Undergrad: 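Have a look at the structure that comes next, please.
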Amino acid sequence: MSESSNKYDFTTIEAKWQQHWEAARPYKVTVDSDRKKYYVLEMFPYPSGRIHMGHVRNYTIGDVIARYKRMRGFNVIHPMGWDAFGLPAENAALKRGIHPAAWTYDNIAYMRDQLKAMGLSYDWDRELATCDPSYYRWEQLIFLKMLEQDLVYRKETTVNWCDSCATVLAREQVIDGCCWRCDEQVTPRIMHGWFFRITEYADELLADLETLKGWPDKVVTMQRNWIGRSHGLSCDFPIEGSHEKLTIFTTRPDTIFGVTFMSIAVEHPLVDTLVAGTEFEQEVRDFVRKTIAEKQRKSVDEELEKHGVFTGAYCVNPFTSERIPIYVANFVLMEYGSGAVMAVPAHDQRDFEFARKYDLPVRQVIVPPGHDTASDALEEAYTEPGVLIDSGEFSRMDSEAAKLAIINHARDHGIGRRATTYRLRDWGISRQRYWGAPIPIIHCADCGIVPVPEKDLPVVLPGSDDPNGSHAPLHQQEDFIRTTCPTCGRPARRETDTMDTFVESSWYFARYTCPDFMDGPLDPDQTGYWLPVDQYIGGVEHAILHLLYSRFFTKVLRDLGYVAIDEPFKNLLTQGMVIKEGRKMSKSKGNVVDPNDLIQRYGADTVRLFSLFAAPPERDLEWNAQGVDGASRFLNKVYRLVQANKTVFAGAPTVQNLDGLDTYSRNLHRKTHQTIKRVTGSIETNFHFNTAISAVMELVNMAAGLVNENRNIDPAVLRECCETTLLLLFPMVPHFCEELWQQTGHNHTMDTAQWPTFDAEAARENSITIIVQVNGKVRSRLEVDSDTDNETLERLALADERVMKFIGAGKPKKIIVVQKKLVNIVI
RNA sequence: GCGAGAGUGGCGGAACUGGUAGACGCACUAGACUUAGGAUCUAGCGCACUAUGUGUGUGGGGGUUCAACUCCCCCCUCUCGCACCA
């Protein structure tokens with residue numbers, strides 16, 4: 001046998017089919033209301049230069065699903081595009097002296113070729129790049145519509161500033177106190193910025209998590225925690241000798257009789273008025289200054305020791321009329337609740353520590369159920385619910401009832417109200433960089449903030465159509481800034497912030513349905529048919545950022561009338577990382593595997609097959625070079641099997657008469673149908689392609705074994721086996737299967753082939769193995785007819801020679817017979 | 001600290017609603033065919049021992065059950081997320 005017939009020539013074959021797909025465009029789709037649609041989407045890549053193994057894995061998984069669903073008869077939309085705005089382009093531009101646009105489009109061209117070399121079945125006619133004005137002009141329009149609906153606003157706040165990126169970050173983009181992109185320490189800074197009112201949708205974002213049955217629990221939980229809704233009481237404590245009052249939020253109104261002091265944040269607006277002109281002023285101001293500096297400096301995992309100083313001021317507990325001293329404390333967050341906390345040291349561990357440190361009273365007002373007096377001395381705060389004591393009219397109520405009663409009391413007396421707070425903050429979208437979508441706003445000295453009229457959109461990024469154009473941050477580009485006010489016509493200045501790139505990725509999946517639509521952001525005829533995304537696939541690292549923003553945007557687009565769905569992604573698959581030597585691949589660790597090298601050496605199909613086989617999709621995948629050899633070996637084995645039996649394809653009839661088959665043929669026929677069942681099951685239940693591939697391997701091993709042993713397998717059975725193998729493998733290794741399909745005389749390409757169905761009767765085993773246990777230990781096996789009844793099984797088991805040896809002369813205490821499984825004899 | 005997930009051969013991983021633990025692949029060992037083999041084929045491959053048999057074994061310890069990788073309780077380790085959220 002010559003070399004060439006022994007191994008398949010992946011280079012030639014893959015090029016051939018890629019050319020075919022390029023020319024015939026079998027993956028181009030249009031709306032077809034007679035067919036059920038299926039939208040498969042992988043998170044689109046940032047065009048960083050070249051694809052990496054994570055992309056290979058992600059896109060392979062998506063491609064298998066797309067191809068599989070096509071074979072199941074769905075009208076499958078499977079698009080690809082580029083998350084093309086972002087900072088690396090600017091950095092690269094500075095380093096290499098080329099324009100960010102040029103750098104980005106070069107990368108896109110290169111990476112597009114790489115994706116095509118993987119044989120991914122995208123509808124390339126839908127490709128989009130978010131840095132293209134034809135995309136971001138609609139984003140600008142959406143921004144303006146949101147502004148009209150008061151979902152966008154501008155405010156001055158403390159923001160997270162990343163020095164190295166020279167821009168602001170949203171809270172979600174700060175990871176362990178560092179920038180999510182460059183890992184540099186983030187520092188607070190006070191700036192103007194634009195915000196999306198995502199908190200307006202907090203309740204819906206939370207409630208609709210319940211509808212996301214197709215999402216991993218982990219992601220749902222992460223989002224729920226991120227939104228962090230809590231219910232409680234907002235209550236006013238009048239400040240002594242002042243008209244001001246201190247408003248606090250608590251989730252434990254039942255402990256309000258145990259308040260012994262107040263803690264307020266160093267940034268609290270009342271700090272100044274409380275201490276101005278008092279003997280405490282100096283000390284408090286020093287403390288505030290010191291603490292703010294400390295917070296900036298603080299590294300992530302160090303929890304600051306609790307400190308505070310007395311302001312000299314008192315407020316009054318509206319429930320007890322007691323005087324309550326007010327402290328400024330370093331552990332109170334201004335960003336959450338109202339920046340002021342009622343301190344109940346007996347029932348809150350932080351307050352307890354603080355009280356211990358500054359020798360403040362601890363007053364128990366909750367005791368464990370069944371107790372009715374306070375314990376002598378607490379060693380730590382009692383934070384569980386319980387029964388109220390020393391709480392006036394609320395004494396003896398349990399915590400839950402008391403919470404309600406106290407909230408109602410506060411409401412009835414005008415001192416407080418039921419309140420809900422969220423951990424979620426509004427989404428700050430302003431970025432002070434160049435390579436992003438300009439925010440379409442004009443600042444006029446007379447008219448204030450004026451939206452750019454719709455007819456003037458897009459506000460094109462200056463210089464982006466000129467390779468020598470400036471790519472300085474917009475606030476440095478005077479020509480861009482100078483404009484006239486659309487309202488009064490006087491000279492005015494353009495907004496220079498660009499939008500966070502997460503804005504682009506929050507609606508791209510919708511634009512894929514109508515990438516060329518010119519009359520608005522989205523074409524209702526297209527979105528109505530294609531949305532939502534049926535299966536979304538990407539890394540779990542986007543569990544909060546991208547997925548939460550996209551959910552928010554979907555709801556906004558719905559309320560603006562652009563889409564008719566509530567949630568963008570029906571099912572979500574979060575795939576694990578590709579690791580090597582137990583660690584994430586990274587240049588610094590020198591353990592990076594380059595997809596290009598692999599594809600050249602093994603071909604795309606082998607790379608695809610291995611990345612599917614080595615682990616189930618949701619787990620991390622350990623890259624193993626020898627494992628890739630194994631995948632390659634398997635494909636060659638299939639190749640040889642098909643090549644050696646090409647003749648059976650020519651005229652073999654379909655399998656009809658089972659009775660006429662010899663044992664070997666019957667076994668192979670059965671195995672074929674069992675394999676269809678197993679593969680279909682693996683894909684349908686959880687996309688566990690690793691077990692699907694194992695099943696096909698077993699089938700191929702059996703067929704190749706029988707052929708090697710020169711069993712004269714019935715041609716119809718052998719043909720069925722080989723064709724089934726190709727059909728089952730096609731979604732995973734498409735070039736390879738198409739080639740063999742064609743070589744074996746099929747007139748139509750596999751793109752139009754149907755997924756095989758299994759015949760339950762053919763798959764049924766007629767003899768089964770029954771396990772015989774004595775006291776739970778396996779002692780023997782019985783080969784019996786599959787419909788042997790339980791009494792017979794018991795009789796056969798007891799008569800078994802090996803079993804008899806173990807049960808001896810005694811009479812069995814108990815015999816358990818499990819249908820078609822086992823017999824357990826207890827002695 | 002809180003929350004979620006995971007611990008199975010030398011390795012990646014299988015095991016349906018409790019019912020043969022280790023499918024499939026890699027690595028390894030022996031053999032066959034070969035000028036050659038990083039090709040192919042055959043056989044073996046958890047561990048231990050008094051080896052054609054017995055014991056033992058799914059992070060550790062208890063429990064439920066005729067029967068536990070699977071269910072319950074306690075503990076250990078790792079990964080991820082959150083982290084003074086009042």
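All chains are named by letter (A, B, ...) in the order of the sequence lines, taking the proteins before the strands, and each is independently numbered beginning at 1. Being a predicted model, the structure only gives us computed values, none of them experimental.
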Undergrad: Starting at atom CG of A:Asn330, determine the distance to atom P of B:A86, rounded to an integer number of angstrom.
TA: 18 Å
Undergrad: With a 4.0 Å cut-off on heavy atoms, is A:Val332 in touch with a base, just the backbone sugar-phosphate, or nothing at all?
TA: base
Undergrad: Strictly distance-based, threshold 3.5 Å: is any side-chain N or O of A:Arg608 a donor or acceptor partner for the main-chain N or O of A:Pro731?
TA: yes
Undergrad: Can you tell me how far C1' in B:C28 sits from the matching atom in B:G12, rounded to whole Å?
TA: 15 Å
Undergrad: Are more than 12 heavy atoms from other residues, nucleotides or ligands located less than 6.0 Å from atom OH of A:Tyr358?
TA: yes
Undergrad: Over all strands shown, is A:Phe354 touching base, sugar-phosphate only, or nothing at heavy-atom distances under 4.0 angstrom?
TA: nothing
Undergrad: Does A:Tyr327 have its ring centroid less than 6.0 Å away from the ring centroid of A:Phe354?
TA: yes
Undergrad: Nearest whole Å is fine: how far is B:U42 P from A:Met702 CE?
TA: 14 Å
Undergrad: Specify the residue among A:Ala704 and A:Gln626 whose closest nucleotide of RNA chain B lies further upstream toward the 5′ end.
TA: A:Gln626
Undergrad: Starting from the 5' end of RNA chain B, give me the residue, A:Val341 or A:Lys821, whose nearest nucleotide shows up first.
TA: A:Lys821
Undergrad: Tell me whether A:Lys584 at atom NZ has more than 12 heavy atoms from other residues, nucleotides or ligands lying less than 6.0 Å away.
TA: no
Undergrad: Give the ring-plane orientation class for A:Tyr549 versus A:Trp427, where under 30° counts as parallel, over 60° as perpendicular and anything between as tilted.
TA: parallel
Undergrad: Decide whether A:Thr691 and A:Ser682 meet the rule of one side-chain donor and one side-chain acceptor closer than 3.5 Å.
TA: yes
Undergrad: Side chain of A:Val818, heavy atoms from C-beta onward: which of B:G19, B:G3, B:C24 has the nearest atom to it?
TA: B:G19
Undergrad: Looking only at side-chain N and O atoms, does A:Lys814 come under 4.0 Å of OP1 or OP2 in B:C66?
TA: yes
Undergrad: With pairs defined as Watson-Crick or G-U wobble and both distances under 3.5 angstrom, please note down RNA chain B as a dot-bracket string, | for pairing with another strand.
TA: (((((((..(((......[....))).(((((.......))))).((((...))))..(((((..]....))))))))))))....
Undergrad: Check the phosphate of B:A39 against A:Lys637, side-chain N and O only, distance under 4.0 Å to OP1 or OP2. Yes or no?
TA: no
Undergrad: Can you check the A:Asp351 CG to B:C84 P distance for me, whole Å?
TA: 15 Å
Undergrad: Would you kindly give the CG-to-P distance between A:Leu706 and B:C41, to the nearest whole Å?
TA: 14 Å
Undergrad: What is the distance from NZ of A:Lys820 to P of B:C16, rounded to the nearest Å?
TA: 19 Å
Undergrad: With the threshold set at 4.0 Å, does a side-chain nitrogen-carboxylate oxygen contact exist between A:Glu400 and A:Lys403?
TA: yes
Undergrad: The side chain of A:Asn824 lies closest to which of these nucleotides: B:G19, B:C82, B:G81?
TA: B:G19
Undergrad: Any protein N or O atoms within reach of nucleotides 45-47 of chain B? Criterion: under 3.5 Å, listing atom names and distances.
TA:
none

Undergrad: Taking atom C1' in both B:G19 and B:U65, compute the distance separating them and give it to the nearest angstrom.
TA: 12 Å
Undergrad: Between A:Ser611 and A:Arg57, is any side-chain donor less than 3.5 angstrom from a side-chain acceptor?
TA: no
Undergrad: Which of the following nucleotides, B:C85, B:G25, B:U56, is nearest to the side chain of A:Met697?
TA: B:G25
Undergrad: So what does A:Ser263 hit on the nucleic acid, given a heavy-atom distance under 4.0 Å: a base, only sugar-phosphate, or nothing?
TA: nothing
Undergrad: C1' atom, B:U34 versus B:A21: distance in rounded Å?
TA: 40 Å
Undergrad: Need one value for A:Gly630: base, sugar-phosphate or nothing, where a base atom within 4.0 Å counts as base even if backbone is also close, heavy atoms only.
TA: sugar-phosphate
Undergrad: Provide, to the nearest angstrom, the distance between the CG atom belonging to A:Asn710 and the C1' atom belonging to B:C41.
TA: 13 Å
Undergrad: Within this structure, what is the CZ-CD distance for the pair A:Phe352 and A:Glu379, rounded to the nearest 0.5 Å?
TA: 6.5 Å
Undergrad: Pair A:Glu335, A:Arg425 - check salt bridge (charged side-chain N to carboxylate O under 4.0 Å, His left out), show working.
TA: CA-CA 9 Å; A:Glu335 314 85 69; A:Arg425 308 257 73 85; over 6 Å; no
Undergrad: Would A:Glu783 and A:Thr769 count as having a side-chain donor-acceptor pair, cut-off 3.5 Å?
TA: yes
Undergrad: Below 6.0 angstrom between ring centroids: does that apply to A:Phe10 and A:Tyr602?
TA: no
Undergrad: When rounded to the nearest Å, what value does the distance between C1' atoms of B:G22 and B:C11 take?
TA: 13 Å
Undergrad: Rounded to whole angstrom units, what separation is found between the CZ atom of A:Phe634 and the P atom of B:A39?
TA: 17 Å
Undergrad: Distance between the C1' atoms of B:C24 and B:C76, in whole angstroms?
TA: 32 Å
Undergrad: Distance to the ring centre below 6.0 angstrom and angle to the axis at most 45 degrees; does that hold for A:Arg779 and A:Phe806?
TA: yes
Undergrad: Looking at the angle O4'-C1'-N9-C4 for a purine or O4'-C1'-N1-C2 for a pyrimidine, is B:A36 syn or anti, with syn meaning within 90° of 0?
TA: anti
Undergrad: Where the side chain of A:Arg350 is concerned, which of B:G19, B:C85, B:C82 is the nearest nucleotide?
TA: B:C85
Undergrad: Counting just side-chain N and O atoms, does A:Asn701 come under 4.0 Å of either OP1 or OP2 of B:G25?
TA: yes
Undergrad: If we take the C1' atom in both B:G9 and B:C71, what is their distance in whole Å?
TA: 26 Å
Undergrad: Which nucleotide, B:A86, B:C41, B:G19, lies nearest any side-chain atom of A:Ile816?
TA: B:G19
Undergrad: Ignoring hydrogens and angles, state whether a donor on the side chain of A:Asp785 or A:Thr788 is under 3.5 Å from an acceptor on the partner side chain.
TA: no
Undergrad: Describe the nucleic acid contact of A:Gln349 in one word from base, sugar-phosphate, nothing, applying a heavy-atom distance below 4.0 Å.
TA: nothing
Undergrad: Is atom CD of A:Glu801 surrounded by more than 12 heavy atoms (other residues, nucleotides or ligands) closer than 6.0 Å?
TA: no
Undergrad: Write down the distance separating the P atoms in B:A32 and B:C78, rounded off to the nearest Å.
TA: 49 Å
Undergrad: Using the P atom as the point on both nucleotides, what is the distance between B:G38 and B:A27, in whole Å?
TA: 12 Å
Undergrad: Using a cut-off of 4.0 Å on non-hydrogen atoms, how would the nucleic acid contact of A:Arg779 be classed: base, sugar-phosphate, or nothing?
TA: sugar-phosphate
Undergrad: When you check the glycosidic angle of B:G9, does it come out syn, meaning within 90° of 0, or anti?
TA: syn
Undergrad: Evaluate the side chain to side chain donor-acceptor pair (under 3.5 Å) criterion for residues A:His307 and A:Lys357: first the C-alpha distance (whole Å), next the side-chain angles of each, then the deciding distance (0.1 Å), finally the verdict.
TA: CA-CA 8 Å; A:His307 288 295; A:Lys357 180 159 182 171; 3.3 Å; yes
Undergrad: Just call it for A:Lys813: base, sugar-phosphate, or nothing, with non-hydrogen atoms closer than 4.0 Å on any strand.
TA: nothing
Undergrad: Report each atom pair, protein N/O against N/O of nucleotides 8-15 of chain B, whose distance is under 3.5 angstrom.
TA:
unit_1	atom_1	unit_2	atom_2	d
B:G12	O2'	A:Ala614	O	2.5
B:G13	O3'	A:Asn690	ND2	3.3
B:A14	OP1	A:Asn690	ND2	3.1
B:A14	OP2	A:Arg619	NH2	3.3

Undergrad: Is there, by distance only and without an angle test, a donor paired with an acceptor across the side chain of A:Lys306 and the base of B:C84 below 3.5 Å?
TA: yes
Undergrad: Are any of A:Arg423's side-chain N or O atoms less than 4.0 Å away from OP1 or OP2 of B:A83?
TA: yes
Undergrad: For A:Lys7 and B:A39, give me the distance from atom NZ to atom C1', rounded to whole Å.
TA: 6 Å
Undergrad: Look at A:Arg633 and B:C41 and indicate whether a side-chain polar atom (N or O) is within less than 4.0 Å of OP1 or OP2.
TA: no
